[in-house]
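Here it is, the structure, as C-alpha cells.
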Amino acid sequence: MLVPSDDKSVQPRALLRLSVFTPVAPKERGKRDFLIDASEELSTLEIARREGYTKIRIKGAKLNMSTDFKAWIGIVSAFSKYGFESEKITLSFSEFGRMCGLRPTDLNGRARARLKESLFNIASVTLAFTTKDGTKNMVSHLVQKAKLDENEDVVELLGDKDLWELYRWDHKILLSLKPLSNLARKEAAQALYVYLESLPSNTGPLFMTMKRFRERLSLDSPVKT
C-alpha cells in the first residue's frame with residue numbers, strides 16, 4: 001500500500017495522464033475550458049463497472065500546475081489521512097497547506113487566496129457517466145464541496161463516495177514533490193515530469209516527438225515557451 005508523506009504524494013495514474021492538469025499561461029485564464037473523453041482511463045472504476053457506464057467525460061476549467069495541482073495533492077493527502085469513514089473531513093488550514101507542499105513561512109494571505117481559487121477550480125470540474133444506450137446517467141465532481149473558513153482557520157472537504165477510488169485507487173504512483181518544488185514557475189516542465197512518472201514502469205525507452213508531447217499534455221502555449 002502506498003502512503004503519502006511530506007515528501008511524496010500518492011496519485012491515481014489516470015488523472016495525471018488525462019491532461020486535466022496542464023500548464024496555463026496568464027492570458028489563458030478565464031478561457032481554458034476543456035472536455036476530455038475519459039472512457040478508457042476510468043472504465044475500471046467500480047461505479048462504472050457496477051452501473052454499466054461506458055461513456056465517461058470530464059469537463060471544466062483546465063487546472064494549472066502551479067497552484068491547482070498542489071491543491072489537488074493536498075486534497076488527496078487529506079482524504080488518505082482522514083477520509084473514507086465519512087464524506088466530509090475538516091482539518092486546519094496550516095495542515096492542509098503542508099499537504100499542498102507549502103512551507104509554514106509560505107502560509108500567508110496570498111497563499112490562502114490562491115488556494116481558495118484552486119479549490120473553486122477543482123470543485124467546478126464535472127465527471128459525467130453514461131451507459132451505452134444512454135438511459136442511465138450520473139454527474140459528479142472531483143470534489144463535491146470545498147470550504148475555506150478564514151475565521152475558524154479550517155478547510156472543509158466533501159467528497160463523493162462513488163468516486164473514492166480516485167483518492168485510493170489500486171493503480172497509483174508515489175509522486176515525489178521535490179521535482180515539482182525545484183521546477184517552480186516552470187509549468188511545462190512540471191507537466192512533463194508528472195506525465196512521465198505516470199507511465200507504467202515497464203514502458204522501456206520512450207520515443208515521442210515534441211509535437212506529440214504538446215498534444216498529449218494539451219500545451220497551448222507558444223512552441224518557444
Side-chain angles (χ1 to χ4, degrees), residues 2-26 28-29 32 34 58 60-83 89-125 141-143 145-148 150 153-157 159 166-169 172-198 217-219 221:
L2 301 180
V3 180
S5 67
D6 291 342
D7 300 316
K8 298 181 184 294
S9 172
V10 178
Q11 291 290 321
R13 291 183 185 275
L15 288 185
L16 302 187
R17 298 178 64 181
L18 283 171
S19 300
V20 175
F21 298 93
T22 61
V24 177
E28 294 180 287
R29 292 170 186 166
R32 49 182 175 133
F34 70 90
I58 304 179
K62 187 184 293 183
L63 304 176
N64 65 45
M65 298 296 303
S66 60
T67 307
D68 296 339
F69 185 60
K70 292 177 181 177
W72 176 250
I73 287 175
I75 289 170
V76 170
S77 297
F79 275 120
S80 296
K81 184 174 182 179
Y82 297 113
I89 60 173
T90 303
L91 66 162
S92 69
F93 177 80
S94 58
E95 182 177 14
F96 181 69
R98 288 197 300 273
M99 290 179 173
C100 294
L102 297 177
R103 297 169 297 184
T105 54
D106 295 332
L107 297 177
N108 51 33
R110 183 181 178 187
R112 291 170 186 267
R114 294 180 67 182
L115 282 178
K116 188 177 357 179
E117 182 68 18
S118 289
L119 291 176
F120 174 79
N121 292 338
I122 292 171
S124 72
V125 174
H141 296 267
L142 282 183
V143 178
K145 182 173 73 172
K147 178 181 177 183
L148 174 58
E150 296 189 27
D153 203 39
V154 296
V155 174
E156 180 183 299
L157 302 170
L166 286 180
Y167 307 108
R168 62 190 307 181
W169 216 355
K172 288 187 175 181
I173 62 171
L174 202 58
L175 189 69
S176 175
L177 300 181
K178 187 174 181 180
L180 293 176
S181 176
N182 291 342
L183 296 172
R185 302 178 183 275
K186 299 177 181 178
E187 288 199 351
Q190 291 178 337
L192 288 173
Y193 162 69
V194 168
Y195 174 68
L196 293 172
E197 280 292 307
S198 71
L217 300 176
S218 298
L219 297 178
S221 54

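Note that the structure is predicted; figures quoted are calculated from it, not measured. Below, each value reflects all heavy atoms present in this structure, side chains not excepted, and no hydrogens, waters or symmetry copies.
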Q | Non-hydrogen atoms of A111 and D106 that approach each other most closely | A |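 In this case the closest contact between A111 and D106 is CB-O, 3.1 Å.
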Q: Rounded to the nearest 0.5 Å, what's the gap from OG on S124 to CZ on F120? Could you check?
A: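 Output value for this atom pair is 6.0 Å.
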(Q) To the closest 0.5 Å, what do you measure between CG (D68) and CZ (R114)? (A)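 Here the interatomic distance stands at 9.5 Å.
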Q: Look at the aromatic rings of W72 and F21 and report parallel, tilted or perpendicular, splitting at 30° and 60°.
A: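 Because their plane-to-plane angle lies in the 30° to 60° range, the rings of W72 and F21 count as tilted.
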Q. Pick from T22, V20, N121: which one makes a side chain to side chain contact (heavy atoms under 4.5 Å, CB included) with K62?
A.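 That would be T22.
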Q. If you measure from OG1 on T90 to CD on E95, what distance do you get to the nearest 0.5 Å?
A.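 Output value for this atom pair is 11.5 Å.
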Q | Heavy-atom closest pair, residues C100 and A71 | A |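 Result for this residue pair: SG-CA, 3.8 Å.
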Q. Roughly how far, to the nearest 0.5 Å, is the CG atom of L148 from the CD atom of E117?
A.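 Reported value, rounded in 0.5 Å steps: 12.0 Å.
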Q. Can you check whether I89 reaches F79 side chain to side chain, under 4.5 Å on heavy atoms?
A.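 The answer is yes; the side chains approach within 4.5 Å.
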Q. Is there a side-chain contact between L91 and M99 (heavy atoms, below 4.5 Å)?
A.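 Heavy-atom side-chain distance check passes, below 4.5 Å.
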Q. How long is the span from the OG1 atom in T67 to the CG atom in L119, to the nearest 0.5 Å?
A.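 The distance works out to 11.0 Å.
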Q: Mind checking side-chain hydrogen bond (donor to acceptor under 3.5 Å, both in side chains) for S92 and listing every partner two or more places apart, or none if nothing turns up?
A: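 Partners of S92 by the side-chain hydrogen bond (donor to acceptor under 3.5 Å, both in side chains) criterion, ordered by chain and then number, come out as S94.
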(Q) Once rounded to the nearest 0.5 Å, what's the spacing between atom CZ of F34 and atom CD1 of I58? (A)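 Atom-to-atom, F34:CZ and I58:CD1 are 6.5 Å apart.
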(Q) Just so I know, are the side chains of L115 and V155 near enough to count as touching, which here means a heavy-atom distance under 4.5 Å? (A)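 No, every pair of side-chain atoms sits at 4.5 Å or beyond.
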**Q.** Residues that K116 engages under salt bridge (charged side-chain N to carboxylate O under 4.0 Å, His left out), provided they are two or more places apart
**A.**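 With sequence neighbours excluded, K116 shows a salt bridge (charged side-chain N to carboxylate O under 4.0 Å, His left out) to E150, given in chain and number order.
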